[in-house]
2 protein chains.
Amino acid sequence: MTSTTAIGLAVSTVIFALRADETGAPQVWLPLVRRTREPFFQRWALPGGMVLTDESLEGAARRNLGETTRLEPTYLEQLYAFGDVDRSPDQRMVSIVYWALVRPDEAERVTLGDNVRWFAADDLPDLAFDHNLIVDYALWRLRTKMEYSRIAHAFLGPRFTLAELREVYEAVLQKPLDPANFRRQMETSGVIEPTGEVVTGGRHRPPRLYRYTGDVELVDAGPLTKSPPSRTIAPARISA
Amino acid sequence: MTSTTAIGLAVSTVIFALRADETGAPQVWLPLVRRTREPFFQRWALPGGMVLTDESLEGAARRNLGETTRLEPTYLEQLYAFGDVDRSPDQRMVSIVYWALVRPDEAERVTLGDNVRWFAADDLPDLAFDHNLIVDYALWRLRTKMEYSRIAHAFLGPRFTLAELREVYEAVLQKPLDPANFRRQMETSGVIEPTGEVVTGGRHRPPRLYRYTGDVELVDAGPLTKSPPSRTIAPARISA
DNA sequence: CTGCCTTCAGGTCACCCTGACTTTAACAAC
DNA sequence: GTTGTTAAAGTCAGGGTGACCTGAAGGCAG
């Protein structure tokens, strides 16, 4: 007979932000924290921790995220529950993983140091546990959801140009998009509207500023709030 | 200080099957089990149970499913981790929920009795815990995934007619589909191929039998096997 | 001031997919 | 044979997409 009480329960979060690489092009980055104890002592890992009995799973994700990185994400969604028997070398551990997006300005608030660092999402070291697999899955989720939802705006401020919005899509999807077709799709989809303002100063025609229309759900609270009949999906349909 | 060890961990599964209603039309049904202890004593609930330390989460779902209903699903996928503080009246409980599909013939193997019964998915009683919410979310997931993947064949045997396949889509999506357009979509998508056989005996032109092409993943093992670079999606794009 | 560069904004056109519909085929029952 | 039913295949207009083109509006070098 095996015991049923010896399974640890933790939450972890994969947080994505757009940051410029050496060439100045925006890329997907994520913060990792260095482990301070065994197992995987001093290896890089996803921020996370235990769940307290009086906080929700999402609350636990937010608390652990704030305690380790000081980040407050603009978008947060549950990703998957990882619970293979051998994913931790000693105690059996089940991790409920969230993924999150933060704006570039919020991203710079991170408490940098020897124990917290930003990494390019497509060039990670060997992480603790199965965290490489988790990051890959979160990246797949981010890219998939970018194509049919309006999460891109979680990377931007309240006002933005079409070029800035397009750069978000290009950085996440890792492919160039035709500016004219991108404009047409965004305009016909109705998810954005012009503010009337323009940005001057560039050595070209001044672009308009846009904002997102209506009530954009910044935090996907999972099935508890949205699932059953509502559709929740704002179409984007970005392709090549 | 709140303790971190007093959180229970369980798995539950929402299993869907197509069964004929009074009018003979196939509908989505699911089996429920009657609770044998507090809380929610004698209320209907999803089949599930505790996770043993030497079994995976998916293994725990399969084992509990077999022990309570004798069902072995043809498709199984993790749905969501439910862990709100107040979802169980006494002990704090986190449930990792799976959703599954079974063929009609397999569905009839269920050990019926006072404690196990089939229910129409859109006409459920008040269930234990937050299980009504969970079923609604699983239904939303089933219907959403039916439109862009090839899970429909998990409801069918190895050979089937286009009318049978279409009836699966119509039962799940709850709307009639144009037979001619459905045929064209299925043929151009390349996910099915004719076997060369036809079904005689009906008082009309004998329909061809089809099979699914290639390696159809009957069990979605989650991100652990498929996620990072592979795309895994077999398009269907069913609409009105 | 005048070209010349840049990016923004708007438009055109062929192509493919879709939905709605029509036509022919092939059986069973009468 | 005639009728009824569904299978199978074809037709056509409309909408969305990708590729491409043209003009607009600024800064900058000379």
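A, B, ... follow the sequence lines: proteins, then strands. Residue 1 opens every chain.
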- Residue from B:Val102, B:Val14, B:Thr13, B:Leu139 passing side chain to side chain contact (heavy atoms under 4.5 Å, CB included) with B:Leu30: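 Exactly one candidate clears the test, B:Val14.
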
For the pair made of [atom1] in [X] and [atom2] in [N], what is the distance, rounded to whole Å?
| X | N | atom1 | atom2 | value |
| --- | --- | --- | --- | --- |
| A:Phe182 | D:dG16 | CZ | C1' | 16 Å |
| A:Glu187 | D:dT17 | CD | C1' | 15 Å |
| B:Arg166 | D:dA8 | CZ | C1' | 12 Å |
| B:Met186 | C:dG19 | CE | P | 12 Å |
| A:Leu177 | C:dC8 | CG | C1' | 16 Å |
| A:Glu197 | C:dC8 | CD | P | 17 Å |
| B:Glu170 | D:dT6 | CD | P | 13 Å |
| B:Asp178 | D:dG10 | CG | P | 16 Å |

- Query: Would one find a side-chain N or O of A:Arg208 under 4.0 angstrom from OP1 or OP2 of C:dG10?
  - Reply: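 True: A:Arg208 side-chain N/O within range (under 4.0 Å) of C:dG10 OP1/OP2.
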
- Message: With a 4.0 Å cutoff (strictly under), does any side-chain N or O of B:Gln185 reach OP1 or OP2 of C:dC17?
- Response: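 Indeed not, no polar side-chain atom of B:Gln185 lies that close.
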
- Residues in side-chain hydrogen bond (donor to acceptor under 3.5 Å, both in side chains) contact with A:Arg109, at least two apart in sequence or another chain: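 A:Arg109: side-chain hydrogen bond (donor to acceptor under 3.5 Å, both in side chains) contacts with A:Glu106.
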
- Pair B:Leu46-B:Val135, side-chain contact (heavy atoms from CB on, under 4.5 Å): steps then yes or no: CA-CA 9 Å; B:Leu46 295 170; B:Val135 171; 3.9 Å; yes

- Message: Please compare B:Ala163 and B:Asn181 by the position of their nearest nucleotide in DNA chain D and report the one closer to 5'.
- Response: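 Closest to the 5' end, via its nearest nucleotide, is B:Ala163.
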
- Message: I'd like to check the salt bridge (charged side-chain N to carboxylate O under 4.0 Å, His left out) partners of A:Glu197; sequence neighbours left out, ordered by chain and number.
- Response: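 If we apply the salt bridge (charged side-chain N to carboxylate O under 4.0 Å, His left out) test to A:Glu197, skipping adjacent residues, the hits are A:Arg159.
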
- Any donor-acceptor pair under 3.5 Å between the side chain of B:Arg183 and the base of D:dG10?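 No pair found.
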
- Message: Could you check whether A:Arg208 makes a cation-pi contact with A:Tyr210, meaning its NZ or CZ is under 6.0 Å from the centre of the six-membered ring and within 45° of the ring axis?
- Response: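 No.
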
- Task: Would you indicate which nucleotide in C:dG10, C:dT12, C:dC21 comes nearest to any side-chain atom of A:Arg184?
- Result: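 Side chain of A:Arg184 sits closest to C:dT12.
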
- Proximal nucleotide (of D:dA8, C:dC8, C:dG11) relative to the A:Ala180 side chain: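 Selected nucleotide: C:dG11.
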
Can you pull every protein N or O that's under 3.5 Å from an N or O on nucleotides 26-30 of chain C?
from: C:dA26; atom 1: N3; to: B:Arg205; atom 2: N; distance (Å): 3.1
from: C:dC27; atom 1: O2; to: B:His204; atom 2: N; distance (Å): 3.2

- With under 30° as parallel and over 60° as perpendicular, where do the rings of A:Tyr212 and A:Phe160 fit, or are they tilted in between?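 The arrangement is tilted - the two ring planes meet at 30° to 60°.
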
- Message: Does the plane of the ring in A:Phe82 sit parallel, tilted or perpendicular to the ring in A:Tyr137? Use 30° and 60° as the thresholds.
- Response: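 Plane angle over 60°, so perpendicular.
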
